[in-house]
Amino acid sequence: MEINSINAAVLAKMFLNGAKNLEAKKEWINELNVFPVPDGDTGTNMSMTILSAAKEVSALEQPDMASIAKAISSGSLRGARGNSGVILSQLFRGFTKVIAKEQEITVPVLSAAFQKAVETAYKAVMKPKEGTILTVARGAADKAAQMAEETEDLVCFLDEVIKEAERVLKKTPDMLPVLKQAGVVDSGGQGLVVILQGNYDALLGKEIDTAIETGPAAEVRKITKETEAEIKFGYCTEFIIVLNHPLTDHAERKYKAFLESIGDSIVVVADDEIVKTHVHTNDPGLAIQEALTHGSLSRIKIDNMREEHQERLIKDAQKLAAQQAAQAAEPLSEQESEYKDIGFIAVSVGEGLSEVFRGLGADYMIEGGQTMNPSTEDILNAIANVPADHVFVLPNNKNIILAANQAAALSEEKQVHVIPTKTIPQGITALINFIPEQTAEENESRMLDEIKNVKTGQVTYAVRDTVIDDKEIRQDDYMGIGDKTILAVGKELEQVTLTMAESMIDDDSAIVSIYYGEEVKEDDANAIAEKIMANHADLEVEVQYGGQPIYYYLISVE
């Protein structure tokens, strides 16, 4: 069987079958999680990401390459969940940039799309690690480039590409020692192989059910994220370039380099038709002149940040005086709905933890965390519902940070600041250190500094036998997991919790906070606190109800 080209209808079937194949095998992929915790979610995150795109593809009545490309890119971008889902969405984003311009897909086109997919995904990750989904994708792309020189048959081409992806996947434990110790391959890489296998089956014409529950199509939006720590350049300058011609990679790099020469806090988000630009500079005219060489401008916005800072201080003082004069006459619910300069979104799970965040001033709670990572669109919706110009997002989980950053880049109306909190205690510390009288940039800088001082430990149970960091773990053992590794393992919950806490405490420690979960009694949590205080008389130990599922205790040490 030889196939030399793919039309839009076949592409749609291939994509939908890849999504279906991943959905069917997501639990198997979840079980490849390195830590044997009861909430491994790579398969779930990747599946929900691709299904978001699949719904938009299924909703197309008469799809062509351009409309399919837009549906895949926009659907996966907004539906992206977890690090694996965000990386998958970026692979799709790069892939669709190539196919959107074609009437049919041939081997050279598909090879170019693989290259662009990998390039786009690597750019999206700050510090790419080898032995992950990125490595598997790059291996597939390298093989695609080789096969493009040897065949015009898409069946032969994809067969060899998938074999190479599987070969690279098997090597991931050699690249990441933690995978080898756990005896698993990379779960994200496995998910990508499963998608490719589903694509290939559809190309061969195997009988498949590609029906996907459809929903309203979502429109992709692009914007900037400001992350400036101090007012070094006085004018916040934003505009959209309506391009005369799509920017080449070289032209985009040259444009960014020019902006870097005249300012900082630069964000450039480009597609084939527009370029959204954000720069802090002392000469907005230079940025505008350079932008005009690429096309016409719209939505130009220039703000004098130094004046705004002074005005904000005056307004804050006036507002405080007015509030004191009114003696809090308005109901709290009405005060909270007032538009303000800075607002907060926190990701949390558990009644007690959410109440802590609300008490510290969080405006909007997103339910999520280890067991369920919110999507990019969930975070976008939250941003839209916070009545503030500057919105701070506290992901409170390392697997949600990329989705939060992606939401920040897509938000159009507000300045979004993602504080990369990896744990709930880090998020709580960030909010505690918020000073209303200071600017968003000053608060961002302080929070970034303070969360570095927080150590976090989490106690849960093992779902399988494994060995990690020379610790032998048996199914149903209790595990105390620190910021970087497993700190304690055993059969007794209290002993594991105390061992974990002791390994986190040092001479510089001052405060230990214990948040107990929904399955823990308050008396048991207090007993642990008393034993910690007996060993460390100079420590302040706090016990609070967290109500979190899965994790018996969250403990922070500062």
What verdict does the salt bridge (charged side-chain N to carboxylate O under 4.0 Å, His left out) test give for D363 and K340, after you've listed the backbone C-alpha separation in whole Å, the side-chain angles of each residue and the deciding distance to 0.1 Å?
CA-CA 11 Å; D363 300 274; K340 52 190 178 179; 2.4 Å; yes
Partner set under ring pair (Phe, Tyr, Trp, His ring centres under 6.0 Å) for Y545, not counting sequence neighbours
Y516
Ignoring hydrogens and angles, state whether a donor on the side chain of N397 or T423 is under 3.5 Å from an acceptor on the partner side chain.
no
I need the minimum non-hydrogen distance between E56 and G75, along with the two atoms involved.
OE2-CA, 3.5 Å
Can a donor-acceptor pair be found between the side chains of N45 and T42 at a distance below 3.5 Å?
no
Has the side chain of N433 got a donor or acceptor atom that lies under 3.5 Å from a matching backbone atom of T429?
yes
Report yes or no: do E351 and Q548 form a side-chain donor-acceptor pair below 3.5 Å?
no
Least distance between heavy atoms, N443 atom then I342 atom:
ND2-CD1, 4.2 Å
Side chain to side chain donor-acceptor pair (under 3.5 Å) pairs, two or more places apart, involving residues 502-511
K455-D506, E502-N535, E502-H536, D506-S509
salt_bridge(K180, D174) N-O dist < 4.0 Å:
yes
Hey, what's the ring geometry for H417 with H390, parallel, tilted or perpendicular (30° and 60° as the breaks)?
tilted
Verify the distance criterion only: is there a donor paired with an acceptor across the side chains of E441 and S445 at less than 3.5 Å?
no
Over 60° means perpendicular and under 30° means parallel, so classify the ring planes of Y461 and Y552, tilted if in between.
tilted
Side chain to side chain contact (heavy atoms under 4.5 Å, CB included) with F344: of Y364, F357, F392, only one passes, and it is F392
Contact summary for A404 and V393, nearest pair of heavy atoms:
CB-CG1, 4.1 Å
State plainly whether the residues E472 and R474 are in salt-bridge range, i.e. N to O under 4.0 Å.
yes
Report yes or no: do E450 and Q426 form a side-chain donor-acceptor pair below 3.5 Å?
no
Distance only, no hydrogens: is a donor on one side chain within 3.5 Å (strictly under) of an acceptor on the other, for S47 and E23?
yes
Is it the case that the side chains of S354 and S348 hold a donor-acceptor pair, with the cut-off being a distance below 3.5 Å and no angle test?
yes
Indicate the atoms forming the closest heavy-atom contact of L176 with E130, along with that distance.
CG-O, 3.3 Å
When you check the gap from the basic side-chain N to the acidic O, do E119 and K116 get nearer than 4.0 Å?
yes
At their closest point, which heavy atom of P374 faces which heavy atom of I366, and how far apart are they?
CB-CG2, 3.7 Å
How close do V347 and P395 get, counting heavy atoms only, and between which atoms?
CB-O, 3.2 Å
